[in-house]
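Here is the structure we will look at, set down as structure tokens.
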Amino acid sequence: MGFPRDFPQKTRRREPERVRSFLAIAVFRGNDGTMESAPPPSDPAPPAAAPRMTDLERLRHSAAHVMATAIAKLWPDAQFAAGPPVEDGFYYDVELGHRISPADFDKIEAEMKAVVKTNQPFERIVVSRAEALALAQKGRLAALGERALPSRYKLDILQGILEGETITLYRNGDFLDLCAGPHTMRTGNVKAFKLTAVASAYYKGDEANPQLQRIYGTAFPNKTELEAHFVMLEEAKKRDHRRLGAEMGLFAMDPEYTGPGLPLWLPKGAAILEELEKLAKETEFVAGYVRVKTPHLAREKMYTTSGHLPYYAESMFPPMEIREERRRTSDVGDAKENPASSSDRYFLKAMNCPHHHRIFAAAPRSYRDLPLRLAEYGCCYRYEQSGELFGLMRVRSMNMNDAHIYCAPDQFAAEFNAVNAMYLKYFEIFGFTKYRMRFSTSAPEGMGRKYVDEPALWKQTEDMVRRVLQESSIQYVEVPDEAAFYGPKIDVQVWSAIGREFTLATNQVDFAVPKRFGLVYRDRDNADKTPLCIHRAPLGTHERFIGFLIEHYAGNFPLWLAPDQVRVLPVTDAQLSYAQALVAELRAAQVRAEMEFSNDKLQGRIQRAEAARVHTIFVVGAKEQASGAVALRVHGKGQQGVKPRAEAIAEILAAIRNRSR
RNA sequence: GCCGAAGUAGCUCAGUGGUAGAGCAACGGUUUCGUAAACCGUGGGUCGCGGGUUCAAUCCCCGCCUUCGGCUCCA
């Protein structure tokens with residue numbers, strides 16, 4: 001309970017459904033039971049229930065088989081599991097004594113080329129369960145011939161296939177695999193491919209299962225597109241927030257001294273952080289939020305009450321044990337008076353809500369006080385698994401764009417709607433056009449186990465949320481059985497400029513935890529009632545949000561966010577005082593401005609300013625000084641002509657105020 | 001946490017069983033310059049950390065840390 005570790009932090013890319021279906025697999029619901037050839041690449045009608053694939057996916061799926069054929073030839077004891085197409089290519093999971101390393105790629109690719117060259121047809125074969133099992137027992141599936149050991153993963157997959165479903169094999173040359181298809185016509189269709197990575201993956205994604213070697217590759221219809229893909233990847237790498245963050249001096253990671261996952265905000269990054277928080281504060285002020293401030297830690301009782309302990313404990317930093325000397329009690333020889341107790345343990349907070357609940361409880365509340373909207377960009381600490389840390393996107397210390405709205409049931413729809421409107425406002429400001437709201441609901445079978453056992457409340461709340469979503473015509477998808485323990489939630493998924501999808505923000509309804517804290521308000525009928533609580537973080541964590549913004553803008557921030565808003569470059573030292581006066585005027589108006597005069601030529605200084613992504617450059621020479629003007633240059637746009645200084649500064653102030661893009 | 005790979009100057013990278021180099025950055029000097037790199041010079045590294053092998057380890061071996069690619073997790 002309590003706020004899921006993913007409250008604002010959710011990065012995992014879900015496997016496309018079709019990938020899972022491959023594991024379940026190899027099934028057509030057709031019923032012919034006869035052998036037939038694979039459909040040609042252009043055939044629009046593979047059996048109706050076959051996995052649907054685009055032409056590109058089909059090509060990549062076939063490439064996966066070509067790769068498996070090559071691997072089976074090089075290492076006949078290879079045990080294959082699943083080999084689907086994925087977003088950027090394909091993979092095949094394999095269990096193998098030999099550790100495949102990138103050094104083996106050349107060898108594997110050479111074998112693949114041989115398979116492509118012989119242009120083997122992909123042949124679709126429908127078999128009975130008994131036939132398939134017999135082949136698997138003989139190690140004949142996902143292999144070039146019979147083997148001493150059974151095809152264990154294929155056998156397992158076969159056992160997962162329901163009675164009555166059609167079982168199909170695909171064969172190319174001697175390579176025979178359990179597979180639902182579809183495939184291209186022949187191996188010769190796999191013209192342009194490349195192996196890209198090797199990693200490990202648990203069989204069926206379950207930690208309890210063996211780890212397999214997952215070999216990734218990609219394939220395209222032709223060499224040109226393949227090469228373009230790698231060029232695109234190189235370009236994407238240049239936008240990576242970890243790289244830009246270092247280049248631009250936004251943040252630093254200091255694992256040795258500060259600790260892994262604990263970013264240091266450098267002055268230029270902190271400037272962005274503060275602009276973001278300024279925006280949020282202004283927006284929330286207008287929307288009737290009030291700001292609070294709470295400590296970074298709390299006693300154990302806070303989290304036993306909230307329910308985070310012991311369940312959530314492993315995601316929290318270990319407790320600080322406060323060992324008081326038992327001075328007085330030891331003096332009188334009665335240590336039992338003051339035994340070390342659990343109340344001597346403090347925890348760094350992993351979420352702000354318990355503290356906010358205590359603020360709610362700090363005074364008697366009337367229905368007149370509701371809705372009460374408590375906002376705080378509290379710094380939370382989560383002990384994320386080491387392998388999960390990822391630049392700013394997954395960190396261990398985070399500022400949440402947090403607020404908790406306590407309201408009565410009849411206020412819920414309006415509050416929830418207002419929160420959604422706030423999300424949309426932000427997206428508009430930042431120019432996010434591609435996002436999706438993911439509405440996670442409960443499932444009846446999880447009641448009392450996975451979810452708080454309040455079926456009526458669940459239904460009521462989910463209906464409310466669904467109605468609000470429909471009425472506001474927000475694009476969303478509903479995902480059953482993915483809700484939080486304490487209520488339904490909405491995650492906002494976005495795609496960064498480099499195509500990475502993750503959850504930026506979460507909006508959750510909580511009808512369980514306020515009760516655990518005994519929170520009540522006195523209603524009109526003079527009865528004490530438990531408020532509903534909406535947890536909302538439209539900017540998620542500021543760390544992740546800025547990581548996303550860096551990639552979204554490729555480091556080229558709009559003026560209001562740009563760490564370097566204006567740089568004044570005097571042409572010669574004769575303009576130093578004029579330049580300094582300009583900087584002073586800009587700073588007096590709260591603009592981040594600086595002057596640079598060095599031994600470099602003007603051209604060199606411009607080059608450096610552009611490389612540093614300074615938003616606006618004022619070049620001032622004798623002419624500008626004489627006329628009280630500035631020569632403007634804007635990052636990405638080049639020279640903008642000469643303007644009177646008052647006009648130039650007024651435009652800058654207006655652009656900052658409007659947060660225009 | 002798991003599997004694999006990597007860690008050399010602030011950054012990007014080269015290199016060798018005989019204790020290290022380049023470009024950019026930094027610093028100093030010359031140059032007073034008009035829109036994406038003027039010129040000359042200087043300093044800078046416990047080669048991630050700890051063990052081991054060796055006459056000798058940045059290089060070979062082992063352990064650890066961190067990062068990266070995946071996986072798992074993400075009530």
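What you see is a predicted model, and the numbers here were worked out from it, not measured in a lab. Numbers restart at 1 for each chain; the letters A, B, ... are given by sequence-line order, proteins then strands.
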Touch check for [X], heavy atoms < 4.0 angstrom, all strands: base, sugar-phosphate only, or nothing?
{"X": "F597(A)", "value": "base"}
{"X": "G604(A)", "value": "sugar-phosphate"}
{"X": "A574(A)", "value": "nothing"}
{"X": "A246(A)", "value": "nothing"}
{"X": "Q640(A)", "value": "nothing"}

Sole candidate of M302(A), E300(A), H308(A) that passes side-chain contact (heavy atoms from CB on, under 4.5 Å) when paired with T304(A): E300(A)
Partner of H356(A) by side-chain contact (heavy atoms from CB on, under 4.5 Å), out of H535(A), H404(A), M351(A): H404(A)
Calculate the interatomic distance between [X] atom [atom1] and [N] atom [atom2]; express it in whole Å.
{"X": "L569(A)", "N": "rA36(B)", "atom1": "CG", "atom2": "P", "value": "12 Å"}
{"X": "F105(A)", "N": "rA5(B)", "atom1": "CZ", "atom2": "C1'", "value": "11 Å"}
{"X": "Y91(A)", "N": "rG4(B)", "atom1": "OH", "atom2": "C1'", "value": "17 Å"}
{"X": "L262(A)", "N": "rU66(B)", "atom1": "CG", "atom2": "P", "value": "11 Å"}
{"X": "M253(A)", "N": "rC11(B)", "atom1": "CE", "atom2": "C1'", "value": "17 Å"}
{"X": "R396(A)", "N": "rC73(B)", "atom1": "CZ", "atom2": "C1'", "value": "13 Å"}
{"X": "D600(A)", "N": "rC27(B)", "atom1": "CG", "atom2": "P", "value": "11 Å"}
{"X": "K643(A)", "N": "rU35(B)", "atom1": "NZ", "atom2": "P", "value": "20 Å"}

In whole Å, what separates the [atom1] atom of [N] from that of [M]?
{"N": "rU67(B)", "M": "rA25(B)", "atom1": "C1'", "result": "23 Å"}
{"N": "rU58(B)", "M": "rU30(B)", "atom1": "C1'", "result": "39 Å"}
{"N": "rU46(B)", "M": "rC39(B)", "atom1": "C1'", "result": "36 Å"}
{"N": "rG44(B)", "M": "rG50(B)", "atom1": "C1'", "result": "26 Å"}
{"N": "rA56(B)", "M": "rG52(B)", "atom1": "P", "result": "11 Å"}
{"N": "rC13(B)", "M": "rG17(B)", "atom1": "P", "result": "23 Å"}
{"N": "rG70(B)", "M": "rA14(B)", "atom1": "C1'", "result": "29 Å"}
{"N": "rC61(B)", "M": "rG4(B)", "atom1": "P", "result": "15 Å"}

With a 4.0 Å cut-off on N to O distance, would you call [X] and [Y] a salt bridge?
{"X": "D600(A)", "Y": "R605(A)", "result": "no"}
{"X": "E610(A)", "Y": "R633(A)", "result": "yes"}
{"X": "R242(A)", "Y": "E551(A)", "result": "no"}
{"X": "D564(A)", "Y": "R592(A)", "result": "no"}
{"X": "E384(A)", "Y": "R394(A)", "result": "yes"}

Any donor-acceptor pair, under 3.5 Å, between the side chain of [X] and the base of [N], if you only look at N and O atoms?
{"X": "N599(A)", "N": "rU30(B)", "result": "yes"}
{"X": "Y216(A)", "N": "rG4(B)", "result": "no"}
{"X": "Q211(A)", "N": "rC2(B)", "result": "yes"}
{"X": "Q639(A)", "N": "rG34(B)", "result": "no"}
{"X": "R633(A)", "N": "rA36(B)", "result": "yes"}
{"X": "S200(A)", "N": "rG70(B)", "result": "yes"}

Which of the following nucleotides, [options], is nearest to the side chain of [X]?
{"X": "A201(A)", "options": "rC71(B), rU66(B), rG34(B)", "result": "rC71(B)"}
{"X": "R214(A)", "options": "rU35(B), rG34(B), rC71(B)", "result": "rC71(B)"}
{"X": "D573(A)", "options": "rA36(B), rU32(B), rC33(B)", "result": "rU32(B)"}
{"X": "R394(A)", "options": "rC73(B), rA36(B), rG69(B)", "result": "rC73(B)"}
{"X": "T572(A)", "options": "rU67(B), rA36(B), rU32(B)", "result": "rU32(B)"}
{"X": "Y202(A)", "options": "rA37(B), rC2(B), rG34(B)", "result": "rC2(B)"}
{"X": "A631(A)", "options": "rG34(B), rG1(B), rG69(B)", "result": "rG34(B)"}

Heavy-atom closest pair, residues H635(A) and R613(A): NE2-CG, 3.8 Å
Identified stems (criterion: three or more consecutive Watson-Crick or G-U pairs, under 3.5 Å), RNA chain B: B:1-7 with B:65-71, B:10-13 with B:21-24, B:26-30 with B:38-42, B:48-52 with B:60-64
Ring-face cation of R214(A) near Y91(A) (centre distance under 6.0 Å, axis angle within 45°): yes
R438(A) charged N/C atom sitting above Y476(A) aromatic ring, 6.0 Å / 45°: no
OG1 on T506(A) to CG on N401(A), rounded to 0.5 Å: 11.5 Å
Contact under 4.0 Å: Q603(A) side-chain N or O vs rA36(B) OP1/OP2: yes
Under-4.0 Å side-chain N/O to phosphate OP1/OP2 contact, R242(A) with rG69(B): yes
Residue mapping more 5' on RNA chain B - nearest nucleotide basis, L212(A) or V620(A): L212(A)
First of A199(A) and S386(A) reached from the 5' end of RNA chain B, by closest nucleotide: S386(A)
